[in-house]
Protein chains: 2
Amino acid sequence: MPLNPADLPSLGSAPTASEIIVKHIREAIVSGAFDEGEFIRQDDVAKLFDVSKIPVREALKRLEAEGLVEFHRNRGAVVASISEPEIAQIFEVRAILESNAIKLSVPKMTPNTLKRAKEYCDAFAQETNVARWSELNWQFHSCLYEDADRPFLLNLIRSVNDRIERYLRIQLTLCGGTGPDEREHRQILAACKKGDADKAAEILHQHITKTCESLLMNLRK
Amino acid sequence: MPLNPADLPSLGSAPTASEIIVKHIREAIVSGAFDEGEFIRQDDVAKLFDVSKIPVREALKRLEAEGLVEFHRNRGAVVASISEPEIAQIFEVRAILESNAIKLSVPKMTPNTLKRAKEYCDAFAQETNVARWSELNWQFHSCLYEDADRPFLLNLIRSVNDRIERYLRIQLTLCGGTGPDEREHRQILAACKKGDADKAAEILHQHITKTCESLLMNLRK
DNA sequence: GAATAAAATATCGTATCCAATATCACATTA
DNA sequence: TAATGTGATATTGGATACGATATTTTATTC
């Protein structure tokens, strides 16, 4: 049998209440639907999903481990607020991880991946909706790392990205415009097409660093 | 008052039951006290700490997010077992993160840090107890990254290390001997003393890669 | 008005219960 | 005998109700 039975049950069965809640709250935080520092009331969430508080508390504990919420003892969970130095450090880690990921990916990159990346890039250039823009941005970035075939690294990159996406969206909502981003994306893509892994990594590193600087500048105003 | 009262309660007050349980189970998994794939029964843990199931379940959800346990639906939590390719990927990420961390740290490294690192290194060379050896190994490594002043990066490195420490300990228990490790530690230390950040990063990268190869070899037998 | 006391609110945790499901031993059948 | 079906059991996932504790807000007193 080609399938390992031990791996299937957790994948095949319906998600638990706590899993569903984790997913929704994570999405709400990442997308910026919650305000920074806003309290997430257990009772409110429980009523919203029509469940008891137990799965809600489990969900919040999980999100705490992901760095998306913080617990204040006997006061509850708040949407994690990230200081400027922390944002800078998270972007720094992004630059490190993603430049290494693309370096591993480029030598194995398929024409199909390049085609998909170009499509995301084109769609990204035309999009005006913030949520969709953010989605396409991630699609573009992550598909450049996929051929590296490093699921652990890719999951880590996703988790690190989740922590700062709300700030990127806030910036974009306030300031609009993705001009320099698109140009840099095309440069990265060109380096990938040429098979120049080091060049792609270098541009990507600069791209992420620049995004961070721009974000911090806009956040300070 | 120089302190913000809102930030204190979570730091100053006694940990919650769930926090205590997280800490103990994490330690038990990391240290290898649990067998890989072993079920962690909610009732057993609850009785052990003399609490109800709720804080236990919250603790297990947290550890799931950290990658230390896996849930099998309606069967419970098991100690996460990591496949060989996953181990290789985790070590690869370690090499990436830690070599970058030491690169950031070396230019700012204080004489005191170098002194502490040497002490850990010396103690490491004489130690025979596995748990203590592992502790000193981490102390040595992490103190080399501290002067970088990047708490987010350091926490990430710790979390990644936690996932594989149980395998390192198993290897050490079975095979003993830390000869090559100690020599490489001294080489890293020498590069740090000289202020050669790139050299330190390079040796560290090789050191971690070699540790991984050696671990996989021993695990396969 | 400032300091203290009391009430309201929400979390953290307990105890008990129930339903769904996975496992295992056993019985049945081909 | 081997494969399949069938309970019995155990454990999880979750509900409910309650108590304890800590924080915030309101009210009261000086």
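The figures here come from the full heavy-atom set of this structure, side chains too, leaving out hydrogens, waters and symmetry mates. Quick note on labels: first sequence line is chain A, next is B, and so on, each numbered from 1.
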Asks: Can you measure A:Asn74 atom CG to D:dA22 atom C1' for me and round it to whole angstrom units?
Replies: 5 Å

Asks: Roughly, in whole Å, what's the span from CG in A:Asp43 to P in D:dA15?
Replies: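 It is 13 Å, rounded to the nearest whole Å.
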
Asks: For residues B:Ser52 and B:Val56, report the shortest heavy-atom separation together with the two atoms involved.
Replies: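 Here B:Ser52 and B:Val56 meet closest at O-CG2, 3.6 Å.
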
Asks: Which whole-number value in Å describes the distance from B:Leu60 CG to D:dT11 P?
Replies: 15 Å

Asks: Using whole Å, what does the distance between atom C1' of nucleotide C:dT11 and atom NE2 of A:His72 come to?
Replies: 13 Å

Asks: Please tell me if the side chains of A:Leu60 and A:Ile25 come closer than 4.5 Å, counting only heavy atoms from C-beta onward.
Replies: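 They are in contact (side-chain heavy atoms under 4.5 Å apart), so the answer is yes.
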
Asks: Could A:Asp122 and A:Lys118 be called an ion pair, given the rule that one side-chain N must be under 4.0 Å from one carboxylate O?
Replies: yes

Asks: To the nearest angstrom, how far is A:Gln42 atom CD from D:dT16 atom P?
Replies: 16 Å

Asks: Anything under 3.5 Å between a protein N or O and an N or O of nucleotides 24-26 of chain D, put it in a table, one pair a line.
Replies:
residue : atom : partner : partner atom : Å
D:dT24  : OP1  : A:Arg75 : NE           : 3.3
D:dT24  : OP1  : A:Arg75 : NH1          : 3.4

Asks: Could you check how far CZ of B:Arg41 sits from P of D:dT9, rounded to whole Å?
Replies: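 In whole Å, D:dT9 P and B:Arg41 CZ are 18 Å from each other.
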
Asks: Check whether any side-chain heavy atom of B:Glu146 sits under 4.5 Å from a side-chain heavy atom of B:Thr113, and report yes or no.
Replies: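 Not in contact.
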
Asks: Run A:Arg26 and A:Asp162 through side-chain contact (heavy atoms from CB on, under 4.5 Å) and show every step you take.
Replies: CA-CA 9 Å; A:Arg26 186 195 289 125; A:Asp162 274 353; 3.8 Å; yes

Asks: Tell me, do B:Leu63 and B:Glu66 make a side-chain contact under 4.5 Å, heavy atoms counted?
Replies: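 Heavy-atom side-chain distance check passes, below 4.5 Å.
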
Asks: Can you tell me the distance, in whole Å, between the CD atom of B:Glu64 and the P atom of D:dT12?
Replies: 14 Å

Asks: Nearest-Å distance, CZ (B:Phe39) to C1' (C:dT21)?
Replies: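 After rounding, the gap between these two atoms is 13 Å.
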
Asks: Report each atom pair, protein N/O against N/O of nucleotides 13-16 of chain C, whose distance is under 3.5 angstrom.
Replies:
residue : atom : partner : partner atom : Å
C:dG13  : OP1  : B:Ala17 : N            : 2.4
C:dG13  : N7   : A:Arg57 : NH1          : 3.0
C:dT14  : OP1  : B:Ser52 : N            : 3.4
C:dT14  : OP2  : B:Ser52 : N            : 2.8
C:dT14  : OP2  : B:Ser52 : OG           : 2.6

Asks: Sorted by first residue and then second, give each ring-ring contact (aromatic ring centres under 6.0 Å, His included) pair with at least one member in residues 134-164 of chain B; sequence neighbours left out.
Replies: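 ring-ring contact (aromatic ring centres under 6.0 Å, His included) check on residues 134-164 of chain B returns B:Phe140-B:His185, B:His141-B:His185, B:His141-B:His207.
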
Asks: Taking NZ in B:Lys108 as the centre, count heavy atoms belonging to other residues, nucleotides or ligands within less than 6.0 Å. Is the count above 12?
Replies: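 Yes, enclosed.
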
Asks: How about A:Ser134 and A:Glu165: does a side-chain donor come under 3.5 Å of a side-chain acceptor?
Replies: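 Looking only at side-chain atoms, A:Glu165 and A:Ser134 do form a donor-acceptor pair, the distance falling under 3.5 Å.
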
